[in-house]
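Below: one structure, written as structure tokens.
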Amino acid sequence: MTQLSRGLLLDNVRQLFARPADLESRRSMALGAELEMIPVRADAHERVPAKGGTASGSELLASMSRKYGWTEEPMGSDPACWTLPEGRVTFEPGGQIEFSSAVFPTAQTLLDCFDEWLPRFHAHAHQMGIVLNTIGIEDRVPVARVPLQLNRERYRRMTQYFDSVGPFGVIMMRQTASLQLNIDRGERPLDRWRLLNALAPFLTAIFANSPRYAAAETGHRSYRAHVWRNLDPRRTGIVYAAGSEAEEYLEFALNAPVILGGGDAFPTFAQLLSTEQATLEQWETHLSTLFPEVRPREYFEVRSIDSIPAEFVPAAIVLIAGLVYSEATAAEAMMVLGPPSADLLVRAGALGLADETLRAGSATLVRMAMEGCRVLGSSYISEKSLSRASDFFDEYTLQGRSPADG
């Protein structure tokens, strides 16, 4: 077995920031998305359990599986998962339902997938007396009324760890919901990494959709962002250092406590590495427990957006695609944005577009994104989808409002 060292781990991390080896054989403007939905009873606004009874999340998804021919994946004592040609449906630890799309070659095919499936989820849920809330955090009940729904060792261990560091980790696991976008690393991954990290505060502010928690106003436009940022600062936030991107991410990962596979305690990975017992499998598992705003994996995962209603999803996809995949617009956006800012991320979650810097910058960015999408062409994203995105920007962003503002 090869002895792990910082040098070997740095080489491993550098691969996460490298130009994809198969870039020539695939479309380099691919997009995927994951939308989480919080199921509650329509009559009482109590959480719907993932498993058990006729009004559970599992029964909802099983009924859809029977109708649409999904493939069920048993998960032992935990609720099942399902696969379909366009993606996968799973449960999060608190019973949130996550629809993860396949990775599509164009923004339009991704939107077509969401347009096909999201109405079906809501229609089936309605028939069962269930509402699928698309908000950043459960807004009516405290975490004590939302038990852990998945019994796997991963989630039991995460619960144990987060209980030891503060209240927000368990809230994140059981009550938050987001829209995650998966972006191709492209020809120049480091430029794209900088752009996406600089965009993170603006994405948080534009789509902020979680001002309430436990039936009370929180003072945050995105309380989900506040929860994520504070669940453990050693594994969240913006991770960026110009010219040393891989080195910075390595240090970020080494300094984070090991949740899975670290024994009875929670040593940092650097401490585990010093014992000469760490394995590559432990390292790769450890990377999956880090939750920065942008996470490098096969794709760059953008994790800054609250869960939003289906009619707002085109705006998020247009904003990302237009700014990132139009090369000229990406270069212009980097000049407008400047370097990634952790301070701006805090202001984004707290103030949303009431922050003047975020408001002015967002107005500029949405106009650039619309133009960038037009450069990409109607075969990449249709004029109808651009019109839907424009409706959102006109009603919210250009008025200095986010969905949290009503």
Side-chain angles (χ1 to χ4, degrees), residues 33-102 111-152 155 171-180 209-210 212-215 224 306-314 403:
E34 300 172 12
L35 181 68
E36 295 167 340
M37 300 168 281
I38 300 172
V40 299
R41 288 174 50 192
D43 58 351
H45 299 285
E46 291 290 334
R47 279 293 288 277
V48 170
K51 189 174 181 180
T54 58
S56 66
S58 289
E59 185 52 40
L60 164 63
L61 298 182
S63 71
M64 294 184 68
S65 175
R66 291 189 291 269
K67 179 169 183 176
Y68 299 115
W70 296 350
T71 300
E72 182 174 342
E73 302 174 41
M75 302 296 290
S77 62
D78 278 348
C81 302
W82 288 266
T83 58
L84 53 157
E86 299 88 349
R88 197 160 183 260
V89 188
T90 59
F91 286 98
E92 290 296 294
Q96 308 98 311
I97 294 172
E98 179 181 276
F99 175 57
S100 303
S101 80
L111 279 171
D112 289 344
C113 171
F114 270 62
D115 285 343
E116 177 182 4
W117 284 107
L118 293 185
R120 292 175 175 175
F121 279 106
H122 289 285
H124 277 261
H126 177 74
Q127 292 172 4
M128 296 178 62
I130 296 172
V131 174
L132 297 177
N133 281 334
T134 45
I135 52 179
I137 195 166
E138 184 165 30
D139 59 348
R140 291 179 180 263
V141 302
V143 71
R145 287 164 58 183
V146 184
L148 184 67
Q149 301 288 298
L150 304 181
N151 197 39
R152 274 164 272 173
Y155 299 115
I171 294 173
M172 173 276 289
M173 290 172 62
R174 301 183 193 178
Q175 293 188 285
T176 63
S178 67
L179 171 65
Q180 176 181 303
N209 191 32
S210 51
R212 292 175 58 81
Y213 177 67
R224 180 205 61 85
D306 282 356
S307 184
I308 50 177
E311 62 267 28
F312 297 162
V313 170

Can you give me the closest heavy-atom contact between [X] and [Y], atom names plus distance?
X: S210; Y: G136; result: CB-CA, 3.7 Å
X: A42; Y: V131; result: CB-CG2, 3.8 Å
X: K51; Y: G76; result: NZ-O, 4.1 Å
X: T134; Y: M37; result: CG2-CG, 3.8 Å
X: S178; Y: E36; result: N-OE1, 2.9 Å
X: P142; Y: A214; result: N-CB, 4.1 Å

Quick one: are [X] and [Y] in side-chain contact, heavy atoms under 4.5 Å?
X: L179; Y: S307; answer: no
X: P93; Y: Q149; answer: no
X: P309; Y: N209; answer: yes
X: F99; Y: E34; answer: no
X: R145; Y: E46; answer: yes
X: L150; Y: E92; answer: no
X: F121; Y: I130; answer: no

> Given the side-chain rings of Y68 and W117, with only the six-membered ring counted for Trp, is the space between their centroids under 6.0 Å?
Replying inline: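 Under 6.0 Å, so yes.
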
Spacing of [X] atom [atom1] and [Y] atom [atom2] [to the nearest 0.5 Å]:
X: H45; Y: D139; atom1: NE2; atom2: CG; answer: 9.0 Å
X: L118; Y: L132; atom1: CG; atom2: CG; answer: 9.5 Å
X: D112; Y: E86; atom1: CG; atom2: CD; answer: 10.5 Å
X: R47; Y: I38; atom1: CZ; atom2: CD1; answer: 6.0 Å
X: T83; Y: E72; atom1: OG1; atom2: CD; answer: 10.0 Å
X: S56; Y: M128; atom1: OG; atom2: CE; answer: 6.0 Å

>> Between L60 and I97, is the side chain to side chain contact (heavy atoms under 4.5 Å, CB included) condition met? List the steps.
In response: CA-CA 10 Å; L60 164 63; I97 294 172; 3.9 Å; yes

> Parallel, tilted or perpendicular: which describes the rings of F91 and W82, with under 30° parallel and over 60° perpendicular?
Replying inline: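 Perpendicular.
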
> So, the side chain of R212 versus the backbone of A215: is there a donor-acceptor pair under 3.5 Å, distance only?
Replying inline: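 Yes; judged by distance alone, with no hydrogens or angles, the pair exists.
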
> Can you check whether A33's main-chain N or O pairs, donor with acceptor, with S101's side chain at less than 3.5 Å?
Replying inline: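 Yes, S101 side chain to A33 backbone: donor-acceptor pair under 3.5 Å.
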
>> If we count only N and O atoms by modelled type, under 3.5 Å, do the side chains of Y213 and Q175 hold a donor and an acceptor together?
In response: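 Distance-only check passes for Y213 and Q175.
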
> In terms of side-chain heavy atoms, does S100 have a donor or acceptor partner in E98 at a distance below 3.5 Å?
Replying inline: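 A pair is found: one side chain offers a donor N or O, the other an acceptor, under 3.5 Å apart.
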
>> Run the salt bridge (Lys or Arg N to Asp or Glu O under 4.0 Å) test on E73 and R88 for me, step by step, so that the C-alpha distance in whole Å, both residues' side-chain angles and the decisive distance to 0.1 Å come before the verdict.
In response: CA-CA 10 Å; E73 302 174 41; R88 197 160 183 260; 2.9 Å; yes

> With respect to V143, which candidate in M173, E138, R174, M172 satisfies the side-chain contact (heavy atoms from CB on, under 4.5 Å) definition?
Replying inline: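 The side-chain contact (heavy atoms from CB on, under 4.5 Å) with V143 is passed solely by R174 among M173, E138, R174, M172.
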
> Can L84 and V89 be said to form a side chain to side chain contact (heavy atoms under 4.5 Å, CB included), step by step?
Replying inline: CA-CA 8 Å; L84 53 157; V89 188; 3.8 Å; yes

